[in-house]
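One structure is given below, encoded as structure tokens.
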Amino acid sequence: MSSRRPTDNAFLGPLRGASEESTFAGALSFMRRRYSRNLDGVDAVVWGIPFDASVTNRPGARFGPQAIRRASVIPSGDPQYPFGFDIFEELATIDWGDCAFDPGFPMEMAATVRDEARHILSSGAFLYTLGGDHFVTWPLLQAHVEKHGPLALVQFDAHQDTWDDDGNRIDHGSFVKRAVREGLIDVEHSIQIGIRTHAPDDCGIEIVWGNEVETLGVAGLIECITSRVGTAKTYLTFDIDCMDPAFAPGTGTPVAGGLTSREALMTLRGLGPLDIVGADVVEVAPAYDHADVTAIAGATVATTVLGLVAERRRAGA
């Protein structure tokens, strides 16, 4: 008698627990989480924003959510490394699907994201976003700040994203400047990690430059972040171009000299003390990827942050 493994966990699986589905089969939701719009009993929501109309170099991040979902199924049936437990037993998580907006009206996208995020957050669920380009973080911050008040920003990135913005344009290189001007970001407790370009203004945000990473090491990076943020409620945004193109070639604006995947993931793992209330990973552009290495990195970043949230819940924090 042959054994049969379940298929299509994305539609038929339980709300909690790992998937037993083969990695090469079935519908591709994030980590085989159930596709659902029912927020009852849900602790965390993962969704995608397939938008890249604000990029200033190579387009393609609109395909990021698809690629991250595809890559995420590789570890979906195992206790999630490096936590050593099934984070989805602790954190009932669904895949919401993608935010729906009309690409013919890109100026309306931000309002759509903000309204849908507001609805999800009203349930009390943690919201994790798969981008899309980095402009999507601006309406996400608006929605989270409505719930929590001004937030510390922990930004992994090659770029400061503080270029001038008149408040009307859509640009993935100016969302931080706009968010600071609107009072969304608590600059005294905010930090940017891995920056390897210069913008006209730092907006009062602490910067860890790319060439400081090797000197500081992972322990030093964790100390810089946790001491800067303290107990402030935090939004964590991870632009995949924070990593060196050797480890994340599939992105629109790659910059040499970035973090290795190990440095990035070990640093994230050390951020358990932070009160992270929302997060995203953005700028994965699979058309420039090789063997899904960037998508795998993006999926692992997402899973690591969800693991931090699950670990805090497990500890009653």
Side-chain angles (χ1 to χ4, degrees), residues 5-6 8-23 26-36 38-48 65 67-97 120-121 123-130 144 154 156 218 222 225-226 233-238 240 261-262 264-281 284 295-317:
R5 304 188 76 180
D8 287 335
N9 200 76
F11 301 113
L12 305 173
L15 187 59
R16 294 183 182 271
S19 168
E20 295 181 3
E21 193 165 353
S22 298
T23 58
L28 298 176
S29 62
F30 179 79
M31 291 291 289
R32 302 291 195 189
R33 298 302 88 204
R34 185 196 302 172
Y35 275 118
S36 177
N38 182 355
L39 293 166
D40 293 341
V42 170
D43 301 315
V45 173
V46 178
W47 72 331
I68 293 170
R69 285 185 175 103
R70 182 176 67 249
S72 75
V73 304
I74 298 171
S76 61
D78 303 321
Q80 280 71 50
Y81 176 85
F83 298 95
F85 67 94
D86 182 356
I87 67 176
F88 298 115
E89 282 290 353
E90 184 64 47
L91 202 66
T93 304
I94 61 171
D95 190 324
W96 187 263
I120 296 169
L121 292 170
S123 73
F126 181 90
L127 180 59
Y128 195 95
T129 300
L130 314 176
H144 283 81
V154 174
F156 289 79
V218 169
I222 293 169
I225 297 166
T226 54
K233 291 186 180 298
T234 302
Y235 190 92
L236 192 153
T237 182
F238 195 104
I240 207 70
S261 54
R262 183 167 58 189
L265 294 169
M266 288 178 67
T267 302
L268 287 173
R269 181 64 184 94
L271 301 186
L274 300 189
D275 185 8
I276 300 171
V277 298
D280 63 53
V281 60
V284 172
I296 291 168
T300 310
V301 165
T303 306
T304 301
V305 175
L306 289 170
L308 296 176
V309 176
E311 195 170 54
R312 284 178 67 87
R313 286 179 62 90
R314 203 181 196 198

Of all pairs that satisfy side-chain hydrogen bond (donor to acceptor under 3.5 Å, both in side chains), the ones with a partner from residues 299-310, not counting sequence neighbours: none
Contacts of T129 that satisfy side chain to side chain donor-acceptor pair (under 3.5 Å) - sequence neighbours left out: W47
Set of residues satisfying side-chain contact (heavy atoms from CB on, under 4.5 Å) with respect to L28, sequence neighbours excluded: R32, R70, V73
Rounded distance (nearest 0.5 Å) linking atom CZ of R312 with atom CD of E90: 13.0 Å
With sequence neighbours excluded, residues passing salt bridge (charged side-chain N to carboxylate O under 4.0 Å, His left out) with D280: none
Residues which pass side-chain contact (heavy atoms from CB on, under 4.5 Å) with N38, listed by chain and number, not counting sequence neighbours: S36, D40
Counterpart residues, side-chain contact (heavy atoms from CB on, under 4.5 Å), relative to L15 (two or more places apart): R34, V42, A92, I94
Note, T93 side chain near D43 side chain (heavy atom, < 4.5 Å): no
Partner set under side chain to side chain donor-acceptor pair (under 3.5 Å) for R269, not counting sequence neighbours: E311
Partner set under side chain to side chain donor-acceptor pair (under 3.5 Å) for R33, not counting sequence neighbours: none
Partners meeting side-chain contact (heavy atoms from CB on, under 4.5 Å) with T226 (sequence neighbours left out): I222, E223, L271, L274
For F238, ring-ring contact (aromatic ring centres under 6.0 Å, His included) partners two or more places apart: F156
Side chain to side chain donor-acceptor pair (under 3.5 Å) against D275, all qualifying residues, sequence neighbours excluded: K233
Contacts of Y35 that satisfy ring-ring contact (aromatic ring centres under 6.0 Å, His included) - sequence neighbours left out: F11
